[in-house]
Structure formats: structure tokens, C-alpha cells
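To keep things clear, I will list the structure first and then write my remarks on it.
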Amino acid sequence: MKELPDYFVQVPEAFALVEEGVYRCSGVLTAEQIKYLDTLGLKTVLILSVEGPSRAFSQYIKAKGIKRAHLGMTRWQSNLGWKPVSEELIKEGLECILKRDCHPLLVVCSSGVRETGTLVGCLRKLQHWNFNSIVYEYRSFAGGKGKYTHELFIELFDTDLVTLPATLPKWFVEGQSMWAQEQQQRFDELHGAKPRIES
């Protein structure tokens with residue numbers, strides 16, 4: 001195989017911006033894909049799969065002084081019944097994503113789809129997205145790798161388990177505020193309340 005020039009970088013598989021300062025991709029990265037990560041200025045890498053990152057990726061994380069949170073290893077459970085991941089893994093992953101001090105943050109798992117897609121789906125649920133929109137986003141990344149049990153897990157996940165950190169990102173605070181306003185407006189319309197005049 002021909003060696004690529006030093007200036008060549010390649011976007012990682014399943015890479016996307018989740019929200020400002022939060023990215024996702026497959027944890028199986030080539031040298032060219034690792035170079036791309038330099039453009040993100042990462043502070044934290046959140047690893048959701050049991051498998052650790054490749055040696056090259058581990059060395060990159062260490063060399064750049066990036067905080068490594070390997071939740072897949074610390075929160076793995078063997079007897080989950082029908083559940084594809086543990087609630088503790090998703091809960092702790094969400095709490096890490098919602099900690100503004102951890103940003104910019106990269107979420108990875110071995111496929112870039114299963115655990116990562118489930119975590120992002122539960123984040124969307126916490127953001128009050130419509131469930132059809134959550135499933136659409138999950139499936140657009142999963143392609144043929146998606147599983148119904150992951151979608152079911154997202155639907156049944158109890159967002160009350162998540163303890164919101166003190167330093168929430170601006171996008172989350174603004175989203176929650178807009179949702180609360182929409183709920184108030186619906187309530188007022190339903191109960192015939194007079195429209196509020198903003199001062």
C-alpha cells in the first residue's frame with residue numbers, strides 16, 4: 001500500500017458533531033484518522049466499549065495530555081438480560097458529556113455505532129427530542145449494524161437517573177429553557193390562559 005503524505009488527514013469512521021464541543025466516531029482509528037483529531041483540540045476521550053483503544057490511539061491520548069475515561073471497562077456487566085448496555089454506563093457517560101469542563105470531548109466505541117449510538121440516543125431523550133427523531137438519527141449512523149434492543153433501551157431509559165453536573169454546556173441549558181417555554185405555552189393554550197406579555 002502506498003504511503004500517504006504527512007499533510008494528508010482522514011475523517012474517522014462514523015465521525016460527527018453531536019453538539020458543540022461533543023464529537024463521536026469509531027474507536028478503531030488509522031494513523032491518518034488520528035491526525036484529524038488534532039483539529040478538535042480534545043480534552044477528554046470517553047471510551048464506551050470493553051475493548052481498549054489501539055496502541056497508536058492510546059499513545060496519542062497520552063502524548064496530548066487528553067483525559068481518558070474508559071467507562072466500558074469499569075461499567076461492564078455480564079448479566080444484563082435483554083439490555084445491550086448497562087444503565088450505569090449510559091448514566092455516567094451522559095454525566096461526563098454534560099460536564100462543560102470535559103469539552104471538547106470525543107465519544108468512541110469499537111463500532112462507533114452500538115454503545116455510542118445508544119448514549120447519543122439517551123442524550124437526545126434527555127434533550128426532549130421526539131422518539132422518531134432519535135431512532136432516525138440512531139439508524140442513520142447504524143446502517144445495517146443497528147439493533148432493535150438498542151432502540152428499546154433508549155425508549156425505556158429513565159433520564160431521572162442522570163445527575164446533572166453544576167457546569168452544564170450552553171447548548172444544553174438553552175435547549176432545556178426552550179423546552180420549558182414550549183411546555184408552558186402548551187399548558188396555557190390547553191387551559192385557556194391569557195398570553196403573557198414579555199417585558
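Every heavy atom of this structure was used, including side-chain atoms; hydrogens, water molecules and symmetry mates were not. Just so you know, residue 1 is the first one in the sequence shown, and it goes up from there. Since we're looking at a predicted model, the values are computed, not measured.
Between the side chain of Thr44 and the backbone N or O of Cys102, at least one donor-acceptor pair lies under 3.5 Å. Side-chain N or O atoms of Lys64 include none that pairs as donor or acceptor with a backbone N or O of Leu42 at under 3.5 Å.
With rounding to the nearest 0.5 Å, the separation of CD1 in Ile61 from NE2 in His70 is 10.0 Å.
Val120 is not listed as a side-chain neighbour of Val107, based on a closest heavy-atom distance of 4.5 Å or more. Within the 4.5 Å cutoff, no side-chain heavy atoms of Val108 are placed close to those of Pro53. Two residues are said to be in side-chain contact when any heavy atoms from C-beta on lie closer than 4.5 Å; Ile47 and Arg68 meet this criterion. Between Leu98 and Leu123 there is a side-chain heavy-atom pair separated by less than 4.5 Å. The side-chain heavy atoms of Leu119 and Glu115, taken from C-beta on, include no pair separated by under 4.5 Å.
Under the 4.5 Å side-chain heavy-atom criterion for Ile, Leu, Val, Met, Phe, Trp and Tyr, Val135 and Ile154 are members of the same hydrophobic cluster. Connection of Val85 to Val18 is established within a shared hydrophobic cluster, with ILVMFWY side chains joined at heavy-atom distances below 4.5 Å, either directly or through further cluster members. In the hydrophobic clustering of ILVMFWY residues, with side-chain heavy atoms under 4.5 Å counting as a link, Phe153 and Leu46 come out together. Residues Ile134 and Phe157 do not share a hydrophobic cluster, defined by chaining ILVMFWY side chains whose heavy atoms lie under 4.5 Å apart.
For the pair Pro104 and Gly41, the tightest heavy-atom approach, listed with the atom from each and the gap, is CG-O, 3.3 Å.
Around atom OH of Tyr136, no more than 12 heavy atoms belonging to other residues, nucleotides or ligands sit under 6.0 Å away.
For Tyr36, the ring-ring contact (aromatic ring centres under 6.0 Å, His included) partners two or more places apart in sequence, or in a different chain, are Phe15.
Taking 4.0 Å as the cut-off between side-chain N and carboxylate O, Glu95 and Lys91 count as a salt-bridged pair. Salt-bridge annotation for Arg124 and Glu19: present, with a side-chain N of the basic residue lying under 4.0 Å from a carboxylate O of the acidic one.
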Report, one line per pair, each donor and acceptor closer than 3.5 Å where one atom sits in a side chain of residues 159-179; sequence neighbours left out.
residue: Trp171; atom: NE1; partner: Glu20; partner atom: O; Å: 3.0
residue: Gln176; atom: OE1; partner: His128; partner atom: NE2; Å: 3.3
residue: Gln176; atom: NE2; partner: Leu126; partner atom: O; Å: 3.2

